[in-house]
K.L.:
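First the structure, which I've put down as structure tokens, then a few questions once you've had a look.
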Amino acid sequence: MPIDTVAGLALPSDDFFLARQPILGRNQRLVAFELLFRSANGGDANVTDHAAATAAVISHASQLGMAKVVGERLAFVNVDDIVLMSDFVRFLPHDKVILEILETVRATPALVARVAELKGFGFTFALDDVVEESDDVRKLVDLVDIIKVDVQAVAADDLPTLVAALNGRNKKLLAEKVETVEEFEMCMALGFEYFQGYYFARPAILSGKKIAPSELVILRLLDLINSDADNAEIERAVKRDALISLNLLRLVNTPAAGARGRIDSLTEALYVLGRQQLQRWLQILLYAKPGAAVELNSPLLQMATTRGKLMELMTQKVPPGRRVSAEAGFTVGIMSLMDALFSMSMRDILNTVVVADDVRAALLEREGVLGEMLKVVELVDNPKRGTELARALKTLGLSASAMREIEMEAFGWVNELVT
């Protein structure tokens with residue numbers, strides 16, 4: 001279904017792209033993504049025409065296939081009264097999506113009946129931005145499975161009372177707009193089941209923090225690759241740490257690595273993949289917890305690898321005069337969250353590992369072409385900075401449609417990584 005004809009709504013086909021916000025469970029693993037319409041023309045992401053926005057999301061996701069957009073996760077999609085009462089909502093796969101009823105929706109008898117009808121078709125519902133037990137919430141609560149509470153809009157002293165009232169409804173609670181670890185811990189203690197927000201990616205810099213020994217091993221391996229050490233020396237260094245060897249072989253055998261057959265040894269991995277690919281998988285491996293197997297559904301790893309792939313693909317799409325190394329792009333993207341990973345300042349991290357000058361300038365100062373690309377991928381995650389994103393794309397010479405294609409390819413690659 002063309003984006004500009006869905007439900008008869010006039011939608012420009014090239015001035016938007018899709019954004020995903022991660023939703024985590026209590027174990028801090030990804031369970032879903034909220035899919036958001038993001039304007040690329042400088043407008044606010046919180047568009048007033050929710051029907052047009054949702055139609056765009058539905059049409060685009062339907063064309064691409066929901067599995068391409070969210071992999072094996074569920075997708076939360078915003079719906080207002082126009083969308084709920086329309087036929088085009090039925091284009092969404094009911095087993096892959098949760099329809100998120102916006103806080104602006106009034107629970108009229110007709111609306112409640114429609115939600116009940118869609119529930120009969122197999123759809124699952126959530127209530128969005130709940131801040132109190134309003135009349136609309138009371139009328140809809142029996143038809144929904146998840147209640148999303150905006151923790152920024154509820155005073156901390158009032159939150160326990162609201163949670164107690166909602167818990168009596170026997171629904172799963174989702175804390176949205178969780179921006180700090182302290183907010184997450186408070187919501188965990190209150191019994192929230194799901195969490196949405198970028199608290200997991202916010203660096204909490206700890207004075208005197210040291211990089212763990214297993215992480216130092218990987219950083220030294222990256223230094224060996226950057227210094228053109230011979231393959232035998234690199235292989236010996238990898239084999240000194242059995243867990244790194246096992247994790248590395250696990251990663252290079254994912255579909256995302258692109259190997260034609262199974263790779264059973266480090267020697268073979270070096271031969272088949274080459275140094276640049278080996279460098280990539282070692283960078284990904286840094287996001288494994290020290291001394292543990294790599295968790296491919298870690299939200300921080302998913303966000304970092306998505307950034308890496310976005311930047312790699314962007315290096316191939318910018319005008320020829322602005323081209324930079326694809327591997328440098330991947331490195332900047334994946335390293336951009338290492339301050340959150342290590343709880344250290346980026347400057348201290350870069351004093352531990354040797355990187356190229358343009359990579360260092362991008363990570364520390366957001367300078368150069370790589371720095372401009374990093375600004376874009378950071379803005380993609382921020383729903384309130386549409387004007388800045390439009391300017392940043394223009395500076396790079398990238399169109400919204402090109403960025404949308406890049407996003408979809410990156411999402412698909414990361415999905416292959418965690419398959």
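One is the number of the first residue; the rest follow in order along the sequence. Values reported hereafter were calculated over all heavy atoms of this structure, with side chains retained and with hydrogens, waters and symmetry mates removed. All of these numbers come straight from a predicted model, not from anything done at the bench.
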K.L.:
For the pair Phe195 and Tyr199, name the ring-plane relationship: parallel under 30°, tilted 30 to 60°, perpendicular over 60°.
P.N.:
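Judged by the thresholds at 30° and 60°, the geometry between Phe195 and Tyr199 is perpendicular.
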K.L.:
So, taking the atom named CG in Leu174 and the one named CD in Gln196, what distance separates them when rounded to the nearest 0.5 Å?
P.N.:
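Atom-to-atom, Leu174:CG and Gln196:CD are 6.0 Å apart.
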K.L.:
Go through the steps to decide whether Leu337 and Tyr287 satisfy the test side chain to side chain contact (heavy atoms under 4.5 Å, CB included), and finish with yes or no.
P.N.:
CA-CA 10 Å; Leu337 289 168; Tyr287 285 83; 3.6 Å; yes
K.L.:
Test Met373 against every option in Val332, Thr395, Val324 by the side-chain contact (heavy atoms from CB on, under 4.5 Å) rule and name the one that passes.
P.N.:
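For Met373, the side-chain contact (heavy atoms from CB on, under 4.5 Å) check succeeds only for Val324.
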K.L.:
Between the side chains of Glu372 and Arg366, is the shortest nitrogen-to-carboxylate-oxygen separation below 4.0 Å, so that they form an ion pair?
P.N.:
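No, no charged N to carboxylate O under 4.0 Å.
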K.L.:
Looking only at heavy atoms, what is the nearest atom pair of Val89 and Phe123, with distance?
P.N.:
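That would be O-CZ, 3.8 Å.
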K.L.:
Using a strict threshold of under 4.0 Å (side-chain N to carboxylate O), is an ion pair present between Arg262 and Asp264?
P.N.:
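Salt bridge between Asp264 and Arg262, a charged N being under 4.0 Å from a carboxylate O: yes.
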K.L.:
Does a side chain donor of either Gln277 or Trp281 reach within less than 3.5 Å of an acceptor in the other side chain?
P.N.:
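Present: a donor and an acceptor within the cut-off.
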K.L.:
Do Val149 and Leu159 make a side-chain contact, defined as non-hydrogen atoms from C-beta onward lying under 4.5 Å apart?
P.N.:
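Counting from C-beta outward, Val149 and Leu159 do come under 4.5 Å.
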K.L.:
Below 4.5 Å, heavy atoms only, C-beta onward: do Gln279 and Thr331 meet side chain to side chain?
P.N.:
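Heavy-atom side-chain distance check passes, below 4.5 Å.
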K.L.:
With sequence neighbours excluded, tell me which residues meet side-chain contact (heavy atoms from CB on, under 4.5 Å) with Leu143.
P.N.:
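Val112, Val115, Ala116, Lys119.
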K.L.:
Any cation-pi pair here, Arg26 with Tyr194, using under 6.0 Å and within 45°?
P.N.:
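Cation-pi check for Arg26 and Tyr194: fails.
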K.L.:
Apply side-chain contact (heavy atoms from CB on, under 4.5 Å) to Leu30 and list each qualifying residue two or more places apart in sequence or on a separate chain.
P.N.:
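Residues passing side-chain contact (heavy atoms from CB on, under 4.5 Å) with Leu30: Pro22, Leu24, Phe33, Arg73, Pro299, Gln302.
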K.L.:
Answer yes or no: are there more than 12 heavy-atom neighbours, outside Lys317 itself, under 6.0 Å from its atom NZ?
P.N.:
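It does not: Lys317 NZ has 12 such atoms or fewer within range.
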K.L.:
Given Lys177 and Glu183, is the salt bridge (Lys or Arg N to Asp or Glu O under 4.0 Å) satisfied, shown in steps?
P.N.:
CA-CA 9 Å; Lys177 301 179 185 173; Glu183 289 172 350; over 6 Å; no
K.L.:
What's the verdict on salt bridge (Lys or Arg N to Asp or Glu O under 4.0 Å) for Glu378 and Lys375, showing C-alpha distance, side-chain angles and the deciding distance?
P.N.:
CA-CA 5 Å; Glu378 290 173 330; Lys375 287 178 191 175; over 6 Å; no
K.L.:
Salt-bridged, Glu327 to Arg275, with N to O below 4.0 Å?
P.N.:
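So Glu327 does not pair with Arg275 through a salt bridge.
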K.L.:
Within the supplied structure, the quantity of interest is the number of heavy atoms (other residues, nucleotides, ligands) at a distance under 6.0 Å from Asp230 CG; does it exceed 12?
P.N.:
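Check passes, neighbour count above 12.
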K.L.:
Might you point out which heavy atoms bring Ala237 and Leu224 nearest each other, and give the distance in Å?
P.N.:
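Shortest heavy-atom contact: CB-CD1, 3.8 Å.
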K.L.:
Go through Lys171 and Val141 one step at a time and tell me if the side chain to side chain contact (heavy atoms under 4.5 Å, CB included) criterion holds.
P.N.:
CA-CA 8 Å; Lys171 307 296 177 182; Val141 72; 4.2 Å; yes
K.L.:
Check this for me: Glu409, atom CD, are more than 12 non-hydrogen atoms of other residues, nucleotides or ligands nearer than 6.0 Å?
P.N.:
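No, CD of Glu409 has 12 or fewer neighbouring heavy atoms, counting only those of other groups under 6.0 Å.
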K.L.:
Side chains of Thr267 and Glu235 only: does a donor on one sit below 3.5 Å from an acceptor on the other?
P.N.:
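Result is yes, a qualifying pair exists.
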K.L.:
When you compare the side chain of Asp348 with that of Thr352, does any pair of heavy atoms fall below 4.5 Å?
P.N.:
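Not in contact.
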K.L.:
Roughly how far apart are Leu282 CG and Leu251 CG, rounded to 0.5 Å?
P.N.:
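Spacing of CG (Leu282) from CG (Leu251) equals 9.0 Å.
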K.L.:
Using modelled atom types only, decide if a donor and an acceptor are shared between the side chain of Arg20 and the backbone of Leu36 within a distance under 3.5 Å.
P.N.:
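No: the side chain of Arg20 does not pair with the backbone of Leu36.
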K.L.:
Ignoring hydrogens, what is the shortest heavy-atom contact between Gly261 and Asn253? Give both atom names and the distance.
P.N.:
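Smallest heavy-atom distance, with atoms named: O-OD1, 4.3 Å.
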K.L.:
To the closest 0.5 Å, what do you measure between CG (Leu127) and CD (Glu103)?
P.N.:
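Here the rounded value is 10.5 Å.
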K.L.:
Which heavy atom in Val376 sits nearest to a heavy atom in Ala392, and how many Å separate them?
P.N.:
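Distance-wise, the nearest heavy atoms are CG2-CB, 3.6 Å.
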K.L.:
Within 45° of the axis and under 6.0 Å from the centre of the six-membered ring of Phe121, does NZ or CZ of Arg90 qualify?
P.N.:
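That pair qualifies as a cation-pi contact.
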K.L.:
Check whether more than 12 heavy atoms from other residues, nucleotides or ligands sit under 6.0 Å from atom CG of Asn351, and answer yes or no.
P.N.:
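Above 12, so yes.
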K.L.:
Which pair of non-hydrogen atoms, one from Arg322 and one from Leu396, has the smallest distance, and what is that distance?
P.N.:
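That would be NH1-CA, 3.9 Å.
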K.L.:
Is it the case that atom CG in Asn27 sees more than 12 heavy atoms from other parts of the structure closer than 6.0 Å?
P.N.:
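Counting other residues, nucleotides and ligands, CG of Asn27 exceeds 12 neighbours.
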K.L.:
Does a side-chain heavy-atom distance below 4.5 Å link Glu407 with Val380?
P.N.:
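Glu407 reaches Val380 side chain to side chain.
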K.L.:
Which heavy atom in Asp223 sits nearest to a heavy atom in Val354, and how many Å separate them?
P.N.:
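Looking at all heavy atoms of both residues, the closest pair is OD1-N, 3.1 Å.
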K.L.:
To the nearest 0.5 Å, how far apart are CG in Asp129 and NZ in Lys148?
P.N.:
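Interatomic distance, Asp129 CG to Lys148 NZ, rounded to 0.5 Å: 7.5 Å.
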K.L.:
Please identify each residue that fulfils side-chain contact (heavy atoms from CB on, under 4.5 Å) with Asn167, with sequence neighbours left out.
P.N.:
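For Asn167, the residues satisfying side-chain contact (heavy atoms from CB on, under 4.5 Å) (neighbours in sequence not counted) are Val163, Leu173.
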K.L.:
Just wondering, are more than 12 heavy atoms of other shown residues or ligands nearer than 6.0 Å to CZ in Arg323?
P.N.:
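Check passes, neighbour count above 12.
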K.L.:
Is Glu117 atom CD crowded by more than 12 heavy atoms from other residues, nucleotides or ligands, each under 6.0 Å away?
P.N.:
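Enclosed: over 12 neighbouring heavy atoms sit under 6.0 Å from CD of Glu117.
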K.L.:
Could you state the interatomic distance from CG (Leu285) to CG (Leu246), rounded to the nearest 0.5 Å?
P.N.:
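Interatomic distance, Leu285 CG to Leu246 CG, rounded to 0.5 Å: 10.5 Å.
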K.L.:
Are Leu35 and Phe76 packed together at the side-chain level, in the sense that at least one heavy-atom pair is separated by less than 4.5 angstrom?
P.N.:
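Of all side-chain heavy-atom pairs linking Phe76 with Leu35, none is under 4.5 Å.
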K.L.:
Look at Glu312 together with Arg280 and state whether they make a salt bridge at an N to O cut-off of under 4.0 Å.
P.N.:
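Yes, this pair counts.
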K.L.:
Find the distance between CG (Leu398) and CD1 (Ile406) and round it off to the nearest 0.5 Å.
P.N.:
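If we round to the nearest 0.5 Å, Leu398:CG and Ile406:CD1 are 5.5 Å apart.
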